[in-house]
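Down below is the structure, laid out as structure tokens.
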Number of protein chains: 2
Amino acid sequence: MKGNELDDIDRKILRTLSRDGRISNQKLAETVNLSATPCWHRVKALEDAGFITQYAALLDQRALGLPETVIIEVTLERHDDEIFQRFGDALAELPEVMEAYLLTGEYDYLIKVAVSGTDGYERFLRQKLYKIPGIRHSRSTFTLRCLKRVHSVTP
Amino acid sequence: MKGNELDDIDRKILRTLSRDGRISNQKLAETVNLSATPCWHRVKALEDAGFITQYAALLDQRALGLPETVIIEVTLERHDDEIFQRFGDALAELPEVMEAYLLTGEYDYLIKVAVSGTDGYERFLRQKLYKIPGIRHSRSTFTLRCLKRVHSVTP
DNA sequence: CGTGAAAGAGCCAATAC
DNA sequence: GTATTGGCTCTTTCACG
């Protein structure tokens, strides 16, 4: 992969694989109107160039007993590097935390967690999040409904 | 799958598949200390019971030219069903929108979008988001760094 | 970029234990 | 639950246009 330009076929390959990561090379080649060999070469090139980072099974958080998604915004006490480092590391280790971002603006962090109801949420806060030192303030928002959720941007 | 209880092997299968969705049944069986046949039956049962919703290739948004992640909170003008319905539908169709939630609390929606820099962000706002009627107020926050991002909760 | 061929690996069902 | 068998498909690589 020389220039990072993708043509229409590459994009179609990526779109197809992002919907079905287990599609066989043959079927993939059919859907993008290519024969098997060049299709396979393109897929390998896309993997090597970093467009495809991982193949994964996506799990249903509801089936796993964590149906609620809560957004938590957090501000830390003091803004020194060590506090930030420790807090980020501690967050990443919590299994309930699905996403965590360092922010510009009013709050320092935005965290998305999966919990089981309000009691699961309270347990997470008291037993997990508030055990991490350095939190000055936090604001939680329950999500009522998920309107859209894609694992990858659409190429 | 009768009772929705997962044993340790089921959880290990799910964890392994969520890391590598293309692992062969043989290797999967090895890693969970099972022989191929029962391992395959468990995987099928987990799929049928809805624990595994999809197999997917995960794409790198940076490689695809949309390195920035922006969080946008939105409040709508009037809170009637049709406005909500239209707004949700319109959001879901925008390719930049990776996640969109209906919220409790101060704002109506939380949206996560992938854009290319501040100019890509401005283009998204003016040409896409603000074209959807009904927005009263919005607040954007750029993410500086992603500390954690998992596609599925850890079983 | 394409075809065709061919070896090897893995899938999956049907066995029997 | 394990082990084995066998037909089958898919993968992967090769030579070649």
Side-chain angles (χ1 to χ4, degrees), chain A residues 1-60 63-65 150-155, chain B residues 1-65 150-155:
Chain A
M1 203 134 273
K2 27 195 172 178
N4 279 17
E5 295 306 318
L6 299 175
D7 63 15
D8 288 347
I9 296 179
D10 289 325
R11 270 188 289 274
K12 200 163 183 185
I13 288 174
L14 291 176
R15 253 178 282 135
T16 307
L17 283 175
S18 75
R19 276 196 292 268
D20 180 5
R22 276 194 158 179
I23 192 173
S24 73
N25 184 60
Q26 285 196 1
K27 273 183 195 156
L28 177 60
E30 280 175 37
T31 63
V32 302
N33 297 315
L34 230 58
S35 56
T37 308
C39 181
W40 188 80
H41 282 301
R42 279 172 183 262
V43 172
K44 289 299 151 195
L46 290 167
E47 290 171 357
D48 291 344
F51 289 94
I52 297 171
T53 54
Q54 194 191 168
Y55 293 93
L58 305 183
L59 310 181
D60 184 13
L64 290 167
V150 292
H151 47 278
S152 302
V153 287
T154 320
Chain B
M1 203 133 274
K2 27 194 174 179
N4 279 16
E5 295 306 317
L6 299 175
D7 63 14
D8 287 347
I9 296 180
D10 289 324
R11 270 189 288 274
K12 200 164 185 184
I13 288 175
L14 290 176
R15 251 179 283 136
T16 307
L17 283 175
S18 75
R19 275 196 293 267
D20 180 5
R22 275 194 159 179
I23 192 173
S24 74
N25 184 60
Q26 286 194 3
K27 272 183 194 157
L28 178 60
E30 280 175 35
T31 63
V32 302
N33 297 316
L34 230 60
S35 58
T37 308
C39 180
W40 187 81
H41 282 299
R42 278 172 183 262
V43 171
K44 289 299 151 195
L46 289 168
E47 289 171 358
D48 292 343
F51 290 96
I52 297 171
T53 54
Q54 189 190 354
Y55 293 93
L58 305 182
L59 310 181
D60 184 12
Q61 67 178 77
R62 178 178 302 274
L64 289 167
V150 292
H151 47 277
S152 302
V153 287
T154 319

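Every chain is numbered from 1 and lettered A, B, ... according to where its sequence line falls, protein lines coming before strand lines.
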Practice item. State which residues pass side-chain contact (heavy atoms from CB on, under 4.5 Å) with B:T37; sequence neighbours excluded, sorted by chain then number. Key: B:H41
Check your understanding: Where the side chain of A:T37 is defined as all heavy atoms beyond and including C-beta, which of D:dG1, C:dC1, C:dG4 is the nearest nucleotide?
Key -> C:dG4
Check your understanding: Charged N to carboxylate O below 4.0 Å: is that the case for B:D7 and B:R42?
Key -> yes
Exercise for review: Can you tell me the distance, in whole Å, between the CH2 atom of B:W40 and the P atom of C:dC12?
Suggested key: 6 Å
Study note, to complete from the structure: A:H41 atom NE2 is separated from C:dG2 atom C1', nearest whole Å, by 11 Å
Revision key, fill the gap. The correct set of residues in residues 21-29 of chain B placing a heavy atom under 4.0 Å from DNA chain C is B:S24, B:N25, B:Q26
Exercise answer: donor-acceptor pairs, residues 48-64 of chain B side-chain atoms, under 3.5 Å, sequence neighbours excluded:
from: B:T53; atom 1: OG1; to: A:L58; atom 2: O; distance (Å): 3.1
from: B:Q54; atom 1: NE2; to: A:S18; atom 2: O; distance (Å): 3.3
from: B:Q54; atom 1: NE2; to: A:R19; atom 2: O; distance (Å): 2.9
from: B:Y55; atom 1: OH; to: B:E47; atom 2: OE2; distance (Å): 2.6
from: B:D60; atom 1: OD1; to: B:R62; atom 2: N; distance (Å): 3.2
from: B:Q61; atom 1: NE2; to: B:L66; atom 2: O; distance (Å): 2.9
from: B:Q61; atom 1: NE2; to: B:T69; atom 2: OG1; distance (Å): 3.2

Exercise for review: Apply side-chain contact (heavy atoms from CB on, under 4.5 Å) to the pair B:I9 and B:I13, showing each step before the final yes or no.
Suggested key: CA-CA 6 Å; B:I9 296 180; B:I13 288 175; 4.1 Å; yes
Check your understanding: Is the side chain of A:R22 donor-acceptor paired with the backbone N or O of B:R22 at a distance under 3.5 Å, no angle test?
Key -> no
**Study point:** Gap between atoms CD and P, on A:E30 and C:dG2 respectively (whole Å)
**Key:** 14 Å
Check your understanding: Taking atom C1' of D:dT11 as reference, at what distance in whole Å does atom CD of A:E47 sit?
Key -> 13 Å
Practice item. Report the nucleotide, chosen from C:dC1, C:dG2, D:dT13, that has the shortest atom-to-atom distance to any side-chain atom of A:S35. Key: C:dG2
Exercise for review: Return yes if some donor-acceptor pair links the side-chain N/O of B:R15 with the main-chain N/O of B:T154 below 3.5 Å, else return no.
Suggested key: no
